[in-house]
2 protein chains.
Amino acid sequence: MPKIPQLDALDRKIIRALQRNGRITNLELAAEVNLSPSPCLRRLRNLENNGAITGYSVDVNTKAYGLPVTVMVRISLEKHTEDVVVRFEERMKAIPEVLECFVMTGLSDYLLRVVVSDLEDYERFVRDRLHPIGGISSIDTSFVYGVVKRTHVFPEFHG
Amino acid sequence: MPKIPQLDALDRKIIRALQRNGRITNLELAAEVNLSPSPCLRRLRNLENNGAITGYSVDVNTKAYGLPVTVMVRISLEKHTEDVVVRFEERMKAIPEVLECFVMTGLSDYLLRVVVSDLEDYERFVRDRLHPIGGISSIDTSFVYGVVKRTHVFPEFHG
DNA sequence: GTATTTTTGGCATTAGATTCCAAAATTCAT
DNA sequence: ATGAATTTTGGAATCTAATGCCAAAAATAC
């Protein structure tokens with residue numbers, strides 16, 4: 001694993017500006033963090049190259065795209081032998097409807113965020129994608145009714 | 001609510017390309033979706049203006065930034081009177097450690113994603129941020145041990 | 001306090017974004 | 001099907017941003 005040099009206050013300012021707007025130009029970014037464009041771009045490239053920044057993306061309206069139903073799924077496995085765990089996790093990586101899969105403390109082993117087009121589509125997901133994996137002891141489904149908040153911007157860091 | 005015109009296959013290709021790399025140039029994007037740069041940019045601007053695309057962001061290594069602990073918190077309210085609900089949701093929007101807050105079906109009312117620097121910081125979060133809100137009947141905390149998958153890329157849509 | 005190292009800022013060059021318009025493709029009415 | 005109307009595309013010119021280089025400034029070490 002790459003060890004990432006400690007970020008300074010300016011790096012974190014750059015990161016928070018990009019979390020607010022990932023497609024801001026370097027010129028605007030430089031102005032926002034009070035730096036001239038060339039050192040700003042150099043810092044940005046460093047953050048990208050040393051692993052502090054892992055990528056860029058776009059936020060899309062799920063309804064507009066045609067996947068209006070978001071589901072949070074908590075899954076426990078029957079046992080935790082290497083083969084069962086590896087098989088499950090490989091399937092998670094391969095299933096396109098699964099956007100996120102976390103390993104959790106607490107009663108459930110995994111928490112998934114899944115997007116589908118409707119209830120029927122979710123039934124298909126459980127029947128055709130999850131059940132065939134095997135080794136699953138419980139599936140607890142919660143649908144997302146509304147989004148109160150969703151941001152990419154980290155809290156200010158005072159370290 | 002703005003009604004967003006139906007996206008066609010090309011719009012969805014553009015979106016998926018940007019979900020993979022939100023900072024791709026218009027020239028590269030155009031090449032990827034087999035379109036020349038000018039109509040590609042015009043489509044992109046349309047998606048931005050009509051609400052299909054809501055923003056751009058950067059993915060940051062939480063450890064590098066100094067917030068290595070991610071927590072999923074399930075919260076239920078004692079009652080669902082307008083004042084209690086509104087107060088709770090306004091506080092969620094205002095607390096910087098809360099990156100996401102969803103309204104859920106199932107046993108819990110809300111699911112939060114919270115980032116903090118350590119366990120002590122999370123205790124402070126619960127004591128100083130959540131408890132003072134009032135009206136909370138239960139808080140169920142699960143720590144994220146590992147990330148099996150995390151993508152922004154939606155499944156291909158065949159509609 | 002001076003030498004060394006790191007970071008910055010400005011400039012020249014290269015690459016990309018944006019705009020405009022004519023051509024091509026699609027849609028619609030008949 | 002056929003032609004008119006509408007929408008979408010592609011290319012060229014222009015404007016804006018990114019990139020690389022080097023000297024100056026700042027920070028650090030001795």
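Hydrogens, waters and symmetry mates play no part in the numbers below; they use all other heavy atoms, side chains included. The chains referred to below are lettered A, B, ... by the order of the sequence lines, with proteins before strands, and numbering in each begins at 1.
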Rounded to whole angstrom units, what separation is found between the CD atom of Glu48(A) and the P atom of dA18(D)? 12 Å
Strand-adjacent residues in residues 8-26 of chain A, judged by heavy atoms under 4.0 Å from DNA chain D: Thr25(A), Asn26(A)
Tell me whether Leu29(A) shares a hydrophobic cluster with Leu47(A), the cluster being built from Ile, Leu, Val, Met, Phe, Trp, Tyr side chains joined at under 4.5 Å. yes
Without decimals, in angstroms, what is the distance between Arg43(A) CZ and dT7(C) P? 7 Å
Mind listing the N/O atom pairs, protein and nucleotides 9-11 of chain C, below 3.5 Å?
unit_1	atom_1	unit_2	atom_2	d
dG9(C)	OP2	Ser36(A)	N	3.0
dG9(C)	OP2	Ser36(A)	OG	2.8
dG9(C)	O5'	Ser36(A)	OG	3.2
dG9(C)	N7	Ser38(A)	OG	3.4
dG9(C)	O6	Arg42(A)	NH2	3.1
dG10(C)	N7	Ser38(A)	OG	3.2
dG10(C)	O6	Ser38(A)	OG	2.7

Show your reasoning for whether side chain to side chain contact (heavy atoms under 4.5 Å, CB included) applies to Glu89(A) and Val103(A). CA-CA 10 Å; Glu89(A) 297 191 356; Val103(A) 188; 4.2 Å; yes
Find out if a path of hydrophobic residues (ILVMFWY) with successive side-chain heavy-atom gaps under 4.5 Å connects Val148(B) to Val71(B). no
Nearest-Å distance, CG (Leu41(B)) to C1' (dA17(C))? 7 Å
Side chain to side chain contact (heavy atoms under 4.5 Å, CB included), that's the test. Do Leu130(B) and Ile139(B) meet it? Break it down for me. CA-CA 9 Å; Leu130(B) 293 187; Ile139(B) 298 176; 3.9 Å; yes
Arg20(A) pairs by side-chain contact (heavy atoms from CB on, under 4.5 Å) with which of Ile15(A), Thr151(A), Val153(A)? Val153(A)
Spacing between Leu27(B) atom CG and dT16(D) atom C1', to the nearest angstrom: 14 Å
side-chain contact (heavy atoms from CB on, under 4.5 Å) partner of Ile53(B), chosen from Asn46(B), Asp11(B), Leu18(B): Leu18(B)
Evaluate Met72(A) against Val144(A) for side chain to side chain contact (heavy atoms under 4.5 Å, CB included), listing each step before the verdict. CA-CA 7 Å; Met72(A) 298 296 186; Val144(A) 174; 4.1 Å; yes
Just the rounded figure in Å: distance from C1' of dT19(D) to CG of Asn46(A). 14 Å
Tell me the interatomic distance from Glu28(A), atom CD, to dT16(D), atom C1', rounded to whole angstroms. 11 Å
From the set dT7(C), dA18(D), dT8(D), return the single nucleotide nearest to any side-chain atom of Arg45(A). dA18(D)
Is it true that the NZ or CZ of Arg12(B) lies under 6.0 Å from the centre of Phe157(B)'s six-membered ring and within 45 degrees of the ring axis? no
